[in-house]
Amino acid sequence: MPSVILLEGEIHMHLETKLVQAGVAKDERTGAISFPVYNATAYRHPALGQSTGYDYTRTANPTRTVLEQTIAEAEGGDAGFACASGMAAIHTVMGLFSQGDHLVVSLDLYGGTYRLFEQVLSRYGLRFSYVDLRDVKNLEEAICPETRAVFVETPTNPLMQITDIAAVAEVAKRNGLLTIVDNTFMTPFCQRPLELGADLVLHSATKYLGGHNDVLAGLIVTKGEELSEKIRFLHNSIGAVLGPQDCWLLLRGMKTLALRMERHQTNALAIVKTLREHPAVTDVYYPGLPEHPGYEVQCRQASGFSGMVSFRLRSAEQVAPFLESLRIISFAESLGGVESLCTYPATQTHADIPQEIREYVGVCDRLLRLSVGIEHPDDLIADVCQALDASLSLTGGSVR
Ligand SMILES: *Cc1c(COP(=O)(O)O)cnc(C)c1O
């Protein structure tokens, strides 16, 4: 086992403190405040049959260990695993399943996950049913003898639909299924699925955890020794691990997660208000709105709403002028960074989902998704307003 010593021991620390203190002085020889990047791929054995805890970097790397322990603690899990990307993390977890196995999956799903399931893993004999998990009855109905797990995104991407994690986990347990939650949108600062009964949590750490649109990474956190050992085996066997430099970048980003999430959320609430009052917009989706159908569940299971907002323009013709008029917010395909981004799911994140499924789910060609950054809210509001005004005037609509 890796030998990085956890100094906190019995000291009670809030998540904010744990994240800031991650790696601090854990390199015992030097006392480095910022944990060093260990580029070494091989480690000398002190004697035959002995190990420092590090042998070969795919199996374990000191910088990666600090990151993995940090995310495991943050999520309240037993073990953490850092992967080359969010997709690598999901693929690694899917190694738990065998030909013929079936999974029940959230209907409104990240497009890349859908592509991995339908275009790659289906060829290996895994089967997936996409189900609206807002109602757990749909889960019960979708379970068949081959079902092994339920894969949940909440809030969903991009429609911000809320699934009751505890209710899903209860049905899953009763039926002998694993509950897997993609917690990318919420982060452990807002939501800790393992504490609600889930068995495994996944992240695209490229998003909020990294937080600066500059590192691609995935994380897995497991609960229970048996599951942790299975994932440890798969992580090492598949080898889609995160490199040490990227581990360091991600750790550095995670130190400010709490501050960033608070600002993402207050900015998002300010933008939501602007969007709802603007005549160019017909619908706004944000789980922090009391009239959002998932609001009550969200308040029960999470301590925040994050900074993701989706909305529909009045017509699809407004999309191009809106995106082209944005001056501060970038039209770009990611989320969770300090810089505000706007995504057009129909042609970007969800382009690989067949059009009829996309439209059935509600990812229509009027839908836009904002990842609200941590800029000054007034600047973001001004940018959104002028782009919305432009989208109306350029398409012949009336400006306020
Ligand atoms: C981005 C994303 C992924 C994929 O992660 P990568 O780091 O891009 O590989 C998975 N799930 C969700 C919810 C995402 O937003």
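Owing to the predicted nature of the structure, the values given are computational and were not obtained by experimental measurement. Each ligand, and each atom within it, is numbered from 1 in the order the structure gives.
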* Do any nitrogen or oxygen atoms of F185 lie less than 3.5 angstrom from nitrogen or oxygen atoms of ligand 1? -> no

* Check: A32 main-chain N/O paired with T30 side-chain donor or acceptor under 3.5 Å -> yes

* Structure fact -> Within 4.0 Å of some non-hydrogen atom of S85, the atoms of ligand 1 are 7 (O), 9 (O)

* Worked check of side chain to side chain contact (heavy atoms under 4.5 Å, CB included) between L289 and V272 -> CA-CA 9 Å; L289 286 172; V272 161; 3.6 Å; yes

* If you draw the axis of the six-membered ring of Y110, does the NZ or CZ of K207 fall within 45° of it and under 6.0 Å from the ring centre? -> yes

* For atom 1 (C) of ligand 1, closest protein heavy-atom neighbour -> K207 NZ, 1.4 Å

* **salt_bridge(D101, R148) N-O dist < 4.0 Å** => yes

* Apply the test side chain to side chain contact (heavy atoms under 4.5 Å, CB included) to residues Y208 and F189: give CA-CA distance (whole Å), side-chain angles for both, the deciding distance (0.1 Å), then the verdict. => CA-CA 10 Å; Y208 283 113; F189 183 69; over 6 Å; no

* ligand 1 contact on L216 by region, counting heavy-atom pairs under 4.0 Å -> side chain

* Give a yes or no on whether V319 and I271 share a hydrophobic cluster (residues Ile, Leu, Val, Met, Phe, Trp, Tyr; joining criterion: side-chain heavy atoms under 4.5 Å apart). => yes

* Nitrogen or oxygen of T113 less than 3.5 angstrom from that of ligand 1 -> no

* To do: Given side chain to side chain contact (heavy atoms under 4.5 Å, CB included), test L392 with D389 step by step and report yes or no.
  => CA-CA 5 Å; L392 281 182; D389 290 347; 5.5 Å; no

* Does any N or O atom in T206 lie less than 3.5 angstrom from one in ligand 1, N or O only? -> yes

* Using a strict cut-off of 4.0 Å, indicate which atoms of ligand 1 neighbour a heavy atom of L335. => 15 (O)

* Asked: Which residue and non-hydrogen atom of the protein lie closest to atom 12 (C) of ligand 1, and at what distance in Å?
  -> D182 OD2, 3.4 Å

* For G86, is at least one N or O under 3.5 Å away from an N or O on ligand 1? -> yes

* Asked: Under a heavy-atom criterion of less than 4.0 Å, does A88 contact ligand 1?
  -> no

* **Electrostatic pair E141:K137 at N-O distance under 4.0 angstrom** => no

* Quick one: nearest non-hydrogen protein atom to atom 10 (C) of ligand 1, plus distance? -> Y110 CD2, 3.5 Å

* Do the ring centers of F322 and F311 come within less than 6.0 Å of each other? -> yes

* In ligand 1, which numbered atoms sit nearer than 4.0 Å to a non-hydrogen atom of A217? -> 7 (O)

* Distance from atom 5 (O) of ligand 1 to nearest protein heavy atom, with residue and atom -> S204 OG, 2.9 Å

